[in-house]
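Reminder, nothing fancy here: chain letters follow the sequence lines and each chain counts from 1.
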Amino acid sequence: MSESTKGTLLLVDGLSMAFRAFFGLPVENFATSTGVPTNAVYGFTTMLATLLREHEPTHVAVAFDLPGGTFRTERLPSYKGTRDATPPEFEPQVPLIREVLGALRVPAVDKPNYEADDLLATYARLGHEAGMRVLVVSGDRDTIQLVNGDVTLLYPRKGVSDLVRFTPDAVREKYGVDPGQYPDLAALVGETSDNLPGVPGVGPKTAAKWIGVYGGLEGILNSADDVPGKAGESLRAHLEQVRLNRELNHLLTDLEVAVPLADLEYPGADAAAIHEVCDALQFRTLRDKLLPLATDAGEASPETAPPVVVQTAGAVAAIAAMTGTVALHVDGRGGVDADAWALGAADAADAAWGVDLADLSPEDESTLGAWLADPNIAKVLHGAKDGWHALTARGWELAGIAGDTQIAAFLVNPDQRGFELEQILQRHLGLALESGPTAGELDLGLDGGGAHHAGQRAGERAAHVRTLAGVLEPMVDERGMGALYRELEIPLITVLARMEHAGMAVDRAHLSTLADEARARADRAAEDAYDALGGERVNLGSPKQLQEVLFERLGMPKTKKIKTGYSTDASSLHDLSEKAPHPFLTALLAHRDASKLSQIIETLAQAVQPDGRIHTTFSQVVAATGRLSSKDPNLQNIPVRTAEGHRIREAFVVGEGFDTLVTADYSQIEMRIMAHLSGDAALVEAFAAGEDLHRFVGSRVFGVAPEDVSPEMRSQVKAMSYGLAYGLSSFGLARQLGLPVGAAQALMDDYFSRFGAVRDYLRSVVEQARADGYTETIFGRRRYIPDLTSTNRQRRDIAERMALNAPIQGSAADLIKRAMLGVERRLRDEGLASRQVLQVHDELVIETAAGEQDAVENILREEMHAAGDLSVPLEVNVGTGADWRTAGH
DNA sequence: GCCTGGTATCC
DNA sequence: GTGGATACCAGGCC
């Protein structure tokens, strides 16, 4: 990483990766119209394009084995002798791959009598000596020996797109030996794919142990007589084999190469040649992925992140002495097997300290632990909640979270996707962070550990976080969101972390009963559906097949049009049922229902962790309006409307050591916010009076006394009221209510004649947003909506509906977040053991400890009520029970 | 094996 | 031709 200024050399083992691609993609799905198989070409090219795009190498080569033998098969004719004959569909794809390489202007290299690996080894050495960063891509484990501080191996885990990064640390973690010692280990263990048998009874663990004890294979062989045990005996009986293995698995680093390193410089692809080759191979989507690599279409490559000096010696003491605002980075992971293995800290942008948590003394442990737990030391992280979990798993408390550059970046522009550190650095600083694992969750274990020291990477990242904070936090302030950031989102991080950590207890037995029932119901409905078709077993889960059955075979009337034909969604099927009743439709709907349910239940059952609880992950940086999101599993879309939904919610129970679940939800929060923001006197009055809102509105709209509002009137105004906040049109309202458009329009007119300020508000909020470029919630959260000035009608209409909705949905999100902070503070201040476990947009769920139920109910009511000072009261409904369903009533 | 679209659930 | 999400499945990729 430090040598990146000299460039990056990408070296690919052509055949080994082509083979992986061949077996990863079904050959029958990939062929030209003339029957030429292309799955390996497709997979290999996709992989290479991704590597070129992500790593932006300055130099590239793809090495090939040539047909016929090598010096190894001369030495040992049986070498690689167990390999099955290559499938006939593979062979013809190799020249095609070379054609693609030609179009990409990537040099293909080979050498008679040698393997591709020897070429990789030689070029890796040359690149290393030239001070380059080298990436070797190979599915051959022998290449592990090439790994060092500057040479990383990308090894396919499955397919060709999921590549594991083998750095020296990663090799040590997986195999227990240094990369240079891997051939020693392989010589002892053997390599089936090369037809090299190992020492019977010696596996990687024993081999690694011996290598540790005797310092390597040579030492082992010299002391073979002293090696104890049955394994030692076995070793002595196979010395020759081991020597031979070691001889053969050594890769040559000193070949004479026909193409000098300098000629591997990558000039970018040839657009015309890409078109030609994609035409010939009938690649459609790939063309679009390859064309950006063409030089003609090229743009300046991003700047590489500046080198950061990361010190590791004495890091604990140095970090513990930091008292100002410190940027922190935790290398670790969340989830069931959460752990942290390295820590980086920076209080200057170009210098940082890194700590490998594996080699801490007990004193270091407690020094660092105390520093982390000190709430007075302000820490800024990128994705602080992840760090919190990783450190918590290691038994440390993280306090003093004062900033989160991920959240800052979100507030600055919440509509963007991708808030990983790499992406944010790129977006806001134009910096390319090298060796970043593809954006994802926490980094995987194998990606951990920098090239030289586990703390290296963490330190570098901490320094980057510090730079980022210096840029993003002022932007947050400039946009008037300083308070929202520091007083709402940042303190909320810890609340959410605790909620995730607590999780929700689940009644597994109940869940599995439900799963069985739903599965049985789905199966029965499926059989009914097949019967209705005269026994044909179409795939009921395939919209494509359903379209064929419904609209062609059964000749049913067409439903609403979608991209791929005609819709088969539930509402369309219900419509069809009325127009053209058929037992198939009934059975299909029943099957949809039951299979969806069974799938939900199954997912939940699988999500139960060993502690008997489900731990979701909340995100503050997904929903552009400021709502939280929940995933893995999503606990914010558990069914609730139906009887079956109720039974699922019964599976969420109070956990051991606790007494009850209490739920509290805001009553009609969005309508109240609309009343507040619009200042509509009639609407404010309705809420102030505490009447049934829809009855009140109905009486005004229809001009009858409240007690004379019929259920139908009530449901019509209810749909209208809710639709308003979403930008509902008269057309949409008509559809939803099953009215003629004219009637729906008349209803809207009547509505607005009584609640005119609402209409004025909705208009003004869009106008304001168009003028300012953004919308704003009651608490100053912004959402930028550039499409409001789009000349494209459809985009503009969508933007207008977003502008209409964002302040309402966003203010509701702000309110409940404020309430959550209040609830958390009260629980702590009052020394209660009860805890928040779930938020579902307008609802909070608390698990209460014995004797605390009344106190908790009061806290919920008071804090949710006091979360905002609106011109209408914030009403809260509270329920209690041993499970979520009971509590929710 | 990855990506997209359709369908489903929630507020 | 109502906003904001997440999850699963099938099918296309050629």
*Using the ring of A:F410 (Phe, Tyr or Trp, six-membered ring only), decide whether A:R782 places NZ or CZ under 6.0 Å from its centre and within 45 degrees of its axis.*
no

Item to complete: Report yes if at least one side-chain N or O of A:N39 is closer than 4.0 Å to OP1 or OP2 of C:dC13; otherwise report no.
Response: no

Atom CD of A:E670 and atom C1' of C:dG4 are separated, to the nearest Å, by 9 Å

What contact category does A:V622 fall into here, base, sugar-phosphate, or nothing, at under 4.0 angstrom with non-hydrogen atoms? sugar-phosphate

Exercise. Do A:K560's NZ or CZ and the ring of A:Y566 fall within the cation-pi criteria of under 6.0 Å and 45°?
Worked result: no

Among C:dG4, C:dC13, C:dA7, the one nearest any side-chain atom of A:N29 is C:dC13

- Record whether the side chain of A:N634 comes under 3.5 Å of the base of C:dT6 through a donor-acceptor pair of N or O atoms. no

Review point. Does A:T564 make a side-chain N or O approach to OP1 or OP2 of B:dG6 shorter than 4.0 Å?
Key: yes

Atom CD of A:E28 and atom P of B:dG1 are separated, to the nearest Å, by 13 Å

*asked:* By the 4.0 Å heavy-atom rule, please label A:S33 as base, sugar-phosphate, or nothing.
replied: nothing

Would the distance check show the side chain of A:D162 and the main-chain N or O of A:R157 forming a donor-acceptor pair, the cut-off being under 3.5 Å?
no

Please check this pair: side chain of A:H591 against backbone of A:A525, looking for a donor-acceptor N/O pair closer than 3.5 Å.
no

inquiry  = Over all strands shown, is A:A806 touching base, sugar-phosphate only, or nothing at heavy-atom distances under 4.0 angstrom?
reply    = nothing

Separation of C:dA10 atom C1' from A:K596 atom NZ, nearest Å, is 14 Å

In whole angstroms, the gap separating C1' of B:dG1 from CZ of A:F22 amounts to 15 Å

Whole-Å distance, A:F618 CZ to B:dC10 P, equals 17 Å

d(A:R796 CZ, A:T791 OG1) to nearest 0.5 Å is 7.5 Å

| request: Respond yes when some side-chain nitrogen or oxygen of A:Q545 is under 4.0 Å from OP1 or OP2 of C:dG11, and no when none is. | output: yes

Of A:L286 and A:Q794, the one whose closest nucleotide on DNA chain C sits nearer the 5' end is A:Q794

Separation of B:dC2 atom P from A:F44 atom CZ, nearest Å, is 17 Å

| request: Give a yes/no on whether any side-chain N or O of A:T32 is located under 4.0 angstrom from OP1 or OP2 of C:dC14. | output: no

5'-most contact on DNA chain C (nearest-nucleotide basis), A:R417 vs A:K544, goes to A:R417

Below 3.5 Å, does any donor atom in the side chain of A:R801 face an acceptor in the base of C:dG3, or the other way round?
no

Quick note, A:H841 side chain, CB onward, closest among C:dA5, B:dC11, B:dT9 is B:dC11

OH (A:Y761) and CG (A:L677) are apart, to the nearest 0.5 Å, by 4.0 Å

Which of B:dG6, B:dG1, C:dA5 is nearest the side chain of A:K563? It is B:dG6

A:L844 CG to B:dC11 C1', in whole Å, measures 13 Å

task: For A:S630, report the nucleic acid contact type (base, sugar-phosphate, nothing); a contact means any heavy atom under 4.0 Å.
output: sugar-phosphate

Closest to the side chain of A:D569, out of B:dA8, C:dC13, B:dC10, is B:dA8

Tell me what A:L281 touches on the nucleic acid: a base, only sugar-phosphate, or nothing, going by heavy atoms under 4.0 Å.
-> sugar-phosphate

Against the side chain of A:Y726, the closest entry in C:dT2, C:dA5, C:dC8 is C:dT2

Once you apply a heavy-atom cut-off of 4.0 Å, does A:I638 come out as touching a base, just sugar-phosphate, or nothing? sugar-phosphate

With the side chain defined as heavy atoms from C-beta on, A:S629 is closest, among C:dT6, B:dT9, B:dT7, to C:dT6

Atom CZ of A:F731 and atom P of C:dT2 are separated, to the nearest Å, by 8 Å

For the base of B:dC11, is there a side-chain donor-acceptor partner from A:R627 under 3.5 Å away?
-> yes

Any A:S730 side-chain N or O less than 4.0 Å from OP1/OP2 of C:dG1 = no

A:E91 meets the side chain to side chain contact (heavy atoms under 4.5 Å, CB included) criterion, sequence neighbours left out, with A:T86

